[in-house]
Each structure stands twice: as structure tokens, then as C-alpha cells.
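Step one of this worksheet: look at the structure below.
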Number of protein chains: 2
Amino acid sequence: MEIDSISGEGRMERKKRELRQKIINVAMKLFEQQGFSNTTMEQIAEEADVARKTLYNYFPVKEAIANEYVRGISTQMAEEALAKLQKLPDTRSRLLKALNNAYGWVELNPELTGIVLAYRFKTSYYSYDKNQDSKNEFQERGTYRIIAEIIRQGQQSGEIRSDVHFKWLVRYVDLLRGTIVWEWLQDTSSFELREEISRMVDIVLDGIRSDDKRSK
Amino acid sequence: MEIDSISGEGRMERKKRELRQKIINVAMKLFEQQGFSNTTMEQIAEEADVARKTLYNYFPVKEAIANEYVRGISTQMAEEALAKLQKLPDTRSRLLKALNNAYGWVELNPELTGIVLAYRFKTSYYSYDKNQDSKNEFQERGTYRIIAEIIRQGQQSGEIRSDVHFKWLVRYVDLLRGTIVWEWLQDTSSFELREEISRMVDIVLDGIRSDDKRSK
DNA sequence: GCATATAATTATACAATGTGTAAAAAAATT
DNA sequence: AATTTTTTTACACATTGTATAATTATATGC
């Protein structure tokens with residue numbers, strides 16, 4: 001079955017990948033033109049020239065299309081960012097840099113960000129329906145990947161405590177980041193995004209206890 | 001309009017409240033008998049003897065019914081718990097006690113817990129559709145209310161840092177708690193719920209930095 | 001009490017979602 | 001070239017959620 005696993009990929013696999021990409025492109029074009037909620041799966045199928053059912057074979061819900069598109073961008077940005085992060089001196093600066101990095105895009109694409117954030121929470125929280133994504137969603141991609149790398153590095157260097165599995169630490173940071181971004185999207189004038197993120201990083205690093213009450 | 005705002009409430013308001021409750025009761029009964037996803041809004045409307053549209057006037061989606069039911073229980077438990085918490089000596093013990101408190105119920109009702117958790121994230125994260133709940137959802141009810149009380153108290157006593165708005169602190173704790181519970185629901189054998197919660201409380205209180213690297 | 005305004009419920013219709021089934025088409029395997 | 005496997009498709013279906021306008025129930029002013 002998996003003959004051309006590395007070199008080529010077989011006509012079938014290639015066609016599937018191409019169609020998948022075509023769907024994403026078509027859908028994103030429609031979303032841009034008419035807005036996300038005004039675009040139906042029917043339209044997307046029509047425009048991509050496949051049966052509606054086929055579209056559903058590729059993406060079980062509309063949000064999944066947007067998600068995959070954003071994930072692509074995010075993964076790409078992550079790779080570029082990772083290299084630069086090595087030069088920074090400590091975990092705090094790396095975290096701040098990494099988290100702040102993505103906001104330019106977020107600010108330009110608030111609606112899409114909202115949709116994708118919502119979808120990710122939904123699938124990661126509501127996977128009584130187990131599609132293959134649900135578990136991998138929070139896996140090592142995009143911002144999650146960067147955070148994971150930073151935490152891992154922090155644990156190796158002894159900067160971050162090692163008595164908690166890094167999986168949890170990463171999840172926490174990613175989740176809190178998501179919450180802040182979302183809150184900000186709701187009302188962009190209510191607070192300064194970067195400021196709040198910075199405060200969050202402080203909390204995660206140092207905890208919420210008053211300094212003067214700290215043991216030692 | 002609001003004549004009987006305190007004593008009675010007017011026939012109309014009373015009837016609405018009664019019908020609302022009836023719907024919840026009927027729905028919960030059906031959920032128990034046939035499972036959540038096997039129960040349709042049609043059935044619920046039928047059984048409650050109202051038009052489907054009326055049902056939708058009360059609850060825009062099925063999950064909202066389960067949510068309101070759980071919120072009732074949760075609010076009730078919260079009130080009982082709050083009194084006892086005062087006796088505990090510090091924030092850590094109060095947080096642990098409060099968070100651990102609800103798990104008996106969670107363990108007995110994993111499916112419902114999952115549905116409600118998912119719904120809350122969805123509505124709090126995906127409120128491009130603004131129903132009245134979306135903003136109040138995370139307001140002072142249930143576990144959220146307890147956490148808020150504990151944090152508030154901690155800030156007053158100087159135990160918790162006051163340079164961050166308590167709204168965020170509460171949200172963080174509540175969110176992290178939700179995540180852990182969810183993860184645990186996915187595979188109840190993968191870790192000890194109370195242990196992980198305890199670790200999370202430690203992190204929130206003291207941060208993720210290694211003790212030996214801590215300033216001061 | 002009666003008339004009138006207000007609000008809730010209803011029947012009806014509709015667009016859209018998401019799924020199941022079985023047949024057709026395409027690709028891979030022998 | 002014949003086969004097996006996979007994918008796409010057409011079709012049908014139950015369900016969701018919303019919009020509209022008619023009907024009914026409740027509240028309010030007289």
C-alpha cells in the first residue's frame with residue numbers, strides 16, 4: 001500500500017492532496033468575498049466542482065477548512081520564528097517574543113481567528129465524535145509547537161521546574177494565550193493585547209502569590 | 001411592567017419560569033433514557049407539549065438545556081461549599097478543597113459534564129452570535145463563583161498579588177481546571193484527577209519557574 | 001369589566017447541515 | 001487485462017435553526 005511513501009506519493013494520494021488544497025483555496029476565496037457564515041458548504045462544493053458529500057469527506061464541518069488554512073500559515077510562521085528565539089537569553093523573553101509574534105496576523109484577521117479558536121476549543125473539548133484531528137489538534141504545530149520548544153528548553157536548562165510534565169505546561173500557556181486573544185477579539189479596545197499577554201507570562205512564570213508572601 | 005418584582009412575579013413570568021423548568025425536566029429525563037445525542041429537540045418539544053419553535057425560544061440549542069440543569073446543581077453546591085471554605089487557613093487549601101469538591105458529581109456524570117463543558121467553551125468562545133448567556137456564562141455562578149470568592153479573599157488578605165485584575169486570575173484557574181477535567185474525562189485511567197488539579201494549583205500559586213532560580 | 005396594547009405561542013415554510021446507502025468511477029494491485 | 005480497493009457521486013433523509021405571520025394569552029388603562 002505505502003509504496004511511494006517517500007519519493008512520489010502515487011496518483012491517488014497526490015490527487016487527494018491537490019483536491020484538499022483546492023477546496024481550501026476556493027473556500028477561503030469565498031469566505032473573503034461573502035464572509036464566513038454567508039458561505040455554504042454547497043457553494044464551496046459547487047465552486048470546487050465536487051459533490052457535496054465529497055466535500056464532507058474531506059472536511060466534516062466548515063470550520064475545519066478555515067482551521068486547516070490557518071494551521072498552514074501558523075506552522076510556517078512557527079518555523080521561521082523558532083530560529084530567532086534561540087538567540088534570546090531566557091524563557092521569559094522567548095515566551096514573550098513567541099506569543100507576540102503571531103499578533104500581527106491576528107489583528108489583521110480577527111474574524112478568522114475567532115472562528116478557528118472556537119473550532120479548536122470545540123473539537124478539543126467535544127470529541128465524543130472522534131475524528132482524527134481531535135487528538136492531534138493541539139499537537140506540535142504552530143504556536144503550540146513554539147511554546148513546546150521553549151518550555152522543553154527551559155526544563156532542560158533547569159530554568160523551568162521539571163516536576164510537572166511539560167505537556168501540561170505547554171497546554172496551560174497555549175490555553176491562557178488563546179483566552180486572552182479571544183477576550184481581546186470581543187472588544188479590541190478593552191485592553192492592550194500585548195500588555196495582558198505579558199502579565200499572563202509573569203503569572204505563569206512566577207505564580208499569583210504576592211511576592212512578600214513567597215516562601216524563601 | 002415590573003410590578004410584582006419581588007413578591008409575586010405575575011402570571012406570565014411565573015408560567016414562563018414553570019415551562020422553562022418543565023422543559024429542563026423533560027429533556028433530562030429523555031437524555032437519561034435515550035442518551036443526549038439520540039434525543040431531538042422535536043422529541044423534547046413533543047414531550048413538553050409545546051411547539052418546536054417555542055422550545056427554541058427558550059433554548060437556542062440542545063446543549064443549553066443540559067447547561068442550565070448543571071448550572072442549577074452547581075450553584076446549589078457552590079452555596080453549600082462557600083460556608084465551609086471560610087474555616088480553611090489559606091488560599092491553597094481553599095482552592096484545593098473547592099476544586100476537589102465538585103468531582104464526585106463529575107465522576108458520576110461524565111457525559112453530561114463533557115457536553116456542558118463543551119457548550120460553555122463554545123458559547124464563551126464563539127459568540128459572534130450574541131445570546132444573553134454568552135457574556136454571563138462565566139459570571140459568578142457555580143464553581144466560578146467559588147473561585148472568584150477565594151481569589152477575592154486572597155487579594156484582600158494580601159496573600160494574592162493585586163497587580164492583576166482578579167477577573168483574569170479567576171478565569172485562568174477556572175479554565176485550567178476545565179481543561180484538566182476534560183482531559184481526564186477522555187481517559188479516566190490516564191492520570192489521577194485530584195493529583196493533577198493539585199499540581200495545577202501549585203503552578204498557579206507559585207509559577208512554573210524552578211525554585212532555585214527564583215528571584216529573592 | 002372591557003378594550004387595547006403587549007408579549008408569547010403557534011403553524012408553516014425554508015435553507016442548510018450532516019449522515020447513511022448503494023452505485024459508479026478511478027486508481028492500485030495482481 | 002482482470003481484480004480488488006478506494007474514492008467519488010447521486011439520492012434520500014432526519015435534524016437543526018430561523019423567518020414570517022397568524023393566533024392566543026396576559027397585562028394595562030379606562
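Order of the sequence lines fixes the chain letters, A, B, ..., with proteins taken first and strands second; residue numbering starts at 1 for each chain. Just so you know, these numbers use all the heavy atoms, side chains as well, and skip hydrogens, waters and symmetry mates.
We find that B:Arg199 and B:Glu196 are joined by a salt bridge, their nearest charged nitrogen and carboxylate oxygen being less than 4.0 Å apart. Electrostatic pairing of B:Arg94 and B:Glu149 does not count as a salt bridge here, judged by no charged N lying under 4.0 Å from a carboxylate O. The pair B:Asp174-B:Arg177 meets the salt-bridge criterion, with a side-chain N (NZ, NE, NH1 or NH2) lying under 4.0 Å from an Asp/Glu carboxylate O.
Among the protein residues, B:Thr54 comes within range of the nucleic acid bases, having at least one heavy atom under 4.0 Å from a base atom. Residue B:Leu19 is in sugar-phosphate contact alone, with no base atom involved, counting any heavy-atom pair closer than 4.0 Å across all strands shown.
Residue A:Lys15 places none of its side-chain N or O atoms closer than 4.0 Å to OP1 or OP2 of C:dA26. Between B:Tyr58 and C:dA8 there is no side-chain polar atom (N or O) within less than 4.0 angstrom of OP1 or OP2. Residue A:Tyr56 places none of its side-chain N or O atoms closer than 4.0 Å to OP1 or OP2 of D:dT8. Taking side-chain N and O atoms only, B:Lys53 has no distance below 4.0 Å to OP1 or OP2 of C:dT12.
Residue A:Asn57 places its side chain closer to D:dT8 than to any other of D:dT16, D:dT8, C:dT19. Of the candidate nucleotides C:dT9, D:dT9, D:dT16, D:dT9 has the atom nearest to the side chain of A:Ala51. The side chain of A:Thr40 lies closest to C:dA16, out of C:dA16, D:dG17, C:dT10.
Under the side chain to side chain donor-acceptor pair (under 3.5 Å) rule, A:Asn25 has a single partner from A:Lys22, A:Gln21, A:Lys29, which is A:Gln21.
For the pair A:Ile23 CD1 and D:dT7 P, the computed distance is 14 Å after rounding to whole Å. In this structure, the CD atom of A:Glu18 is 11 Å from the P atom of C:dA27, given to the nearest Å.
Of the two residues contacting DNA chain C, namely B:Lys16 and B:Arg52, the nearest-nucleotide position lying further toward the 5' end is that of B:Lys16.
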